[in-house]
K.L.:
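I'd like to ask some things about the structure below.
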Amino acid sequence: MPQHPQGHVFYRNMARAYPVIDRGKGVTLYDADGRRYLDASGGPLVVNIGHGVRSVAEAMAAQAAQVAYVHGERFTTVALETYSERLAARVPLPDPRFYYLSGGAEAVEAAVKFARQLQVARGEPARDLVISRWGSYHGATLGTLALSGKPSMRALFAPMFRDAPHIEPPYCYRCPFGAAPADCGLPCARQLEAEILRQGQGRVAAFIAEPVGGATLGAIVPPAGYWPLIRDICDRYGVLLIADEVLTGFGRTGTWFAVEQFGVLPDLMVMAKGAAGGYFPLSILAVRGADVETIRLGHGNFNHGGTFSHHAVGAAAALATIDYLETHDLIARAAALGAMLGLRLLETLGDLPSVGDVRGIGLVWAVEFVANHRTKAPYPAGAHFADRVCERAMDLGVLFYPGHGSVDGVQGDHLLIAPPYVVTEAQLDTIVETLRQAVLDAGEHSQ
Ligand SMILES: Cc1ncc(COP(=O)(O)O)c(C=O)c1O
């Protein structure tokens, strides 16, 4: 397998060599040796419409040939305006407006700054805090690490940022309050109110959370009533609600946006990953038109920047991505195949002692591993169980997305299964069967 461990690029994981991928088509990636991999997570849940979609590549090439870049502070393009019209019809905010950037973390930072500016424009300059959740992920910049609830990524840099107040997540498999999901009374949502009051009324600008917890805890779906209660608390205390849909947006949960499943309207939404399906690094901050107007009347402009904001090629890629999603009815497909995938995971993995929980929605599913099924005790962090499962699955030709630290920030192993929406039923069977084999093999080696 061709690998380049000693070139002039350095990669995040310095302990392994990286295969060279040559091309991709649909759910399959091919390395330079012709080895194939079924991409069962679309990378980190990016490649929603599949690899190698010609219409997206052609739309990008046509836009780049016409005009690739204009300064977003001075000009706009037909590509950007056309895309925004299309997106506005899909985003569940009243009269939505969009600010375009390049990565998820950048858009989260923009959301926080917009929320702060909106509060100041409303005459509430003391509101400078953003509450977030433990077990969340909002990005790797210093600002977004302060929001993220992922201890392993925060520890080294914590002295460098102003930390955000965090509340507990709706992680029902390991409820932080020791409650049972059926009629728990939603202490995880009520904690938001307690935290707002603890910080002092009039101090909190916004609350940010993933509608379905993604990378850090693995596809945690909140119980019924969680989101309406969060919305209600935010309204009562003048706190803006930011839905981080970076991972869940554009159909991953079986609806355009995950918030639609929970019957709440956020004030701000952040999107990235699937927006342009991996064909362009595009992220989007979506806000309500009325709030843009408040800022316009208050300050005259949004105090922000970004050399590559509002990119014409990004807009062309994203427009072609929406076209592809709609032409092939892929979001309904994600919902239908997702239900099937959930059943198959339960049927195929349910008897394995190291499988503690199978959870998910739409086409984002997680398997959480345990060393002891009854006590839910995790494997020791040093056993790297989820990594071993993923490495073994990769040897067998299927790619999953591992995660760690769900129990206490260090211990706890899971992986995400989230293939492109073009996945076939036969490919789902291969994915699930291979996962079973990889879990068995990893378990054998941990004895
Ligand atoms: C919910 C969520 N928000 C933000 C981010 C950060 O996005 P990026 O890695 O593009 O900066 C991620 C990335 O995984 C994410 O899952």
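When a ligand or atom number is given, it counts from 1 through the structure's own listing order.
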K.L.:
Which label fits Tyr171 and Tyr173: parallel for a plane angle under 30°, tilted from 30 to 60°, or perpendicular past 60°?
P.N.:
tilted
K.L.:
Under 6.0 Å between ring centres: does that hold for Tyr30 and Tyr37?
P.N.:
no
K.L.:
Ligand 1 and Lys273, any nitrogen or oxygen pair closer than 3.5 angstrom?
P.N.:
yes
K.L.:
Could Asp267 and Arg231 be called an ion pair, given the rule that one side-chain N must be under 4.0 Å from one carboxylate O?
P.N.:
yes
K.L.:
Does any N or O in the side chain of Trp227 come within less than 3.5 Å of the main-chain N or O of Val259, such that one atom is a donor and the other an acceptor?
P.N.:
no
K.L.:
Given Leu147, Leu101, Thr216, Asp244, which one has a non-hydrogen atom that is nearest to atom 3 (N) of ligand 1?
P.N.:
Asp244
K.L.:
Show me which atoms of ligand 1 lie under 4.0 Å from any heavy atom of Leu247.
P.N.:
16 (O)
K.L.:
Going by the order shown, which atoms of ligand 1 are within less than 4.0 Å of some heavy atom of Ala105?
P.N.:
6 (C), 7 (O), 8 (P), 11 (O)
K.L.:
Assess whether a salt bridge exists between Asp163 and Arg154, defined as any Lys/Arg side-chain N lying under 4.0 Å from an Asp/Glu carboxylate O.
P.N.:
yes
K.L.:
Quick one: nearest non-hydrogen protein atom to atom 2 (C) of ligand 1, plus distance?
P.N.:
Tyr137 O, 3.2 Å
K.L.:
Specify the protein heavy atom at minimum distance from atom 5 (C) of ligand 1: its residue, its atom name, and the distance to 0.1 Å.
P.N.:
Val246 CG1, 3.7 Å
K.L.:
Taking 4.0 angstrom as the limit and counting only heavy atoms of Glu210, give me the atoms of ligand 1 inside it, by number and element.
P.N.:
1 (C)
K.L.:
Among all protein heavy atoms in this structure, tell me which lies nearest to atom 10 (O) of ligand 1, with the distance rounded to 0.1 Å.
P.N.:
Gly104 N, 2.7 Å
K.L.:
Going by the order shown, which atoms of ligand 1 are within less than 4.0 Å of some heavy atom of Gly103?
P.N.:
10 (O)
K.L.:
May I ask you to decide whether Asp387 forms a salt bridge with Arg16, counting only side-chain N to carboxylate O separations under 4.0 Å?
P.N.:
no
K.L.:
Could you tell me whether atom 8 (P) of ligand 1 has a protein heavy atom closer than 4.0 Å?
P.N.:
yes
K.L.:
Step through it carefully: locate the ring centre of Phe114, locate the ring centre of Phe302, and say whether they are under 6.0 Å apart.
P.N.:
yes
